[in-house]
Amino acid sequence: MMSYALVLYYSRQGSTRNLACKIAQGIEQQGLEARLRTVPEVTHNLNGHKPAVPERGDPYVTLEELEQCSALALGSPTRFGNMAAAMKHFWDGTSKLWLSGSLCGKPACVFTSSGSLHGGQETTLISMMIPLLHHGMLIMGTPYTVPELNSTESGGTPYGPSHYAGMQGDTPLSLAEQKICLAQGKRLAALALKIGD
């Protein structure tokens, strides 16, 4: 079976997906396949049924894809300094993988976007690390050896890539944010390939 890195994200306006695409690009530049996946939206409509396949965009992730990945990049927009409910809902359903220990020892990183410059990016990144730690995954941050982390005037943290999207979600990724994402993807893939040898 071919190894791959799972780039799993939730995005409403596209900003978090833009980060996911750049991280995936970095992963593939390092020679590992990147699979972009998302999670279904959580709805208050209890009578409504969501389609099993999204109408557009990347496919919904399956537990099997998560179980079989060699590495994971996990992304969510900030929601009051926390991951979005849709992503939390997905992780709440991964007990089977936790019981089997199937994610233990796999490298992982996290990324986020926010509407305001100090909109809880770092706490959101930490909130996404918590279930990964419970699964025994190896969490990778972004080191300050990535030069753009020292010069960014928008997103980017030592906890993982981030993006200041603006209140309308229409601010494009800055050059520094893009380079931080690429570096993170390369680091994640390099460790996954090293572990897989």
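In what follows, every heavy atom counts, from backbone to side chain, and hydrogens, waters and symmetry copies are set aside.
Counting heavy atoms from C-beta outward, L6 and Q68 have side chains that stay 4.5 Å or more apart. In this structure, Y4 and S70 have side chains that are not in contact, with every pair of non-hydrogen atoms separated by 4.5 Å or more.
Hydrophobic clustering places I180 together with Y144 (ILVMFWY residues linked when any side-chain heavy atoms are closer than 4.5 Å, directly or through intermediates). Linking ILVMFWY residues whenever their side-chain heavy atoms come closer than 4.5 Å, directly or via other members, places I139 and L66 in the same cluster. Under the 4.5 Å side-chain heavy-atom criterion for grouping Ile, Leu, Val, Met, Phe, Trp and Tyr, L133 is connected to L125 within one hydrophobic cluster. Under the 4.5 Å side-chain heavy-atom criterion for Ile, Leu, Val, Met, Phe, Trp and Tyr, L63 and W98 are members of distinct hydrophobic clusters.
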Item checked: Test side chain to side chain contact (heavy atoms under 4.5 Å, CB included) applied to Y10 and M83, step by step -> CA-CA 9 Å; Y10 177 70; M83 75 177 95; over 6 Å; no

Margin query: Set out, in order, the CA-CA distance, both residues' side-chain angles and the distance that settles side chain to side chain contact (heavy atoms under 4.5 Å, CB included) for V39 and Y60, then state yes or no.
Written below: CA-CA 5 Å; V39 295; Y60 294 138; 5.5 Å; no

Margin query: Please determine whether side chain to side chain contact (heavy atoms under 4.5 Å, CB included) holds for the pair L132 and W91, giving the CA-CA distance in whole Å, both sets of side-chain angles, and the decisive distance to 0.1 Å.
Written below: CA-CA 9 Å; L132 306 186; W91 283 98; 3.4 Å; yes

Checklist line | Chi angles and distances behind the side chain to side chain contact (heavy atoms under 4.5 Å, CB included) call for T123, N82 | finding: CA-CA 6 Å; T123 55; N82 207 331; over 6 Å; no

Checklist line | Trace of the side chain to side chain donor-acceptor pair (under 3.5 Å) decision for S76 with T112 | finding: CA-CA 5 Å; S76 169; T112 191; 5.6 Å; no

Check: So E177 and K179, salt bridge (Lys or Arg N to Asp or Glu O under 4.0 Å) or not? Walk me through it.
Finding: CA-CA 5 Å; E177 290 170 339; K179 289 184 176 182; over 6 Å; no

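Heavy atoms only, all atoms of each residue included: P40 and A86 are closest at O-CB, 3.3 Å. Nearest approach of V110 to P161, heavy atoms of both residues: O-CD, 3.4 Å. Smallest separation of non-hydrogen atoms from M137 and A108: CE-CB, 3.9 Å. P131 and M128 get closest at one heavy-atom pair: CD-O, 3.4 Å. Closest heavy-atom contact between G155 and T152: O-OG1, 2.6 Å. Between P158 and E122, the shortest heavy-atom contact is CD-OE2, 4.4 Å.
Under the 3.5 Å distance criterion, with hydrogens and angles disregarded, a donor-acceptor pair is assigned to the side chains of T142 and Q184. Judged by distance alone, the side chains of S154 and H163 never bring a donor and an acceptor atom under 3.5 Å apart. For the residue pair S116 / S114, no side-chain donor-acceptor distance below 3.5 Å is found, with atom types taken as modelled.
For the atom pair CD of Q121 and OH of Y159, the computed distance is 12.5 Å after rounding to the nearest 0.5 Å. Residue F90 holds its CZ atom at 5.5 Å from CG of L8, rounded to the nearest 0.5 Å. Atom NZ in K186 sits 4.5 Å away from atom CD in Q29 (nearest 0.5 Å). Rounding to the nearest 0.5 angstrom, the gap separating the CG atom in L72 from the CD atom in E65 is 11.5 Å. A distance of 14.0 Å separates CG of L182 from CZ of R187, quoted to the nearest 0.5 Å. To the nearest 0.5 angstrom, Q178 atom CD is 11.5 Å from C21 atom SG.
Sorted by first and then second residue, the salt bridge (Lys or Arg N to Asp or Glu O under 4.0 Å) pairs with a member in residues 10-26 read R17-D58; sequence neighbours excluded.
Judged by distance alone, with hydrogens and angles left aside, the side-chain atoms of T16 form no donor-acceptor pair with the main-chain N or O of S11 at under 3.5 Å. Between the side chain of T157 and the backbone N or O of G160, at least one donor-acceptor pair lies under 3.5 Å.
L19 shares a hydrophobic cluster with V7, Y9, I23, I27, L32, L36, F111, L138, M140, L173, L188, L191, L193, I195; the chain of contacts runs through ILVMFWY side chains whose heavy atoms sit under 4.5 Å apart.
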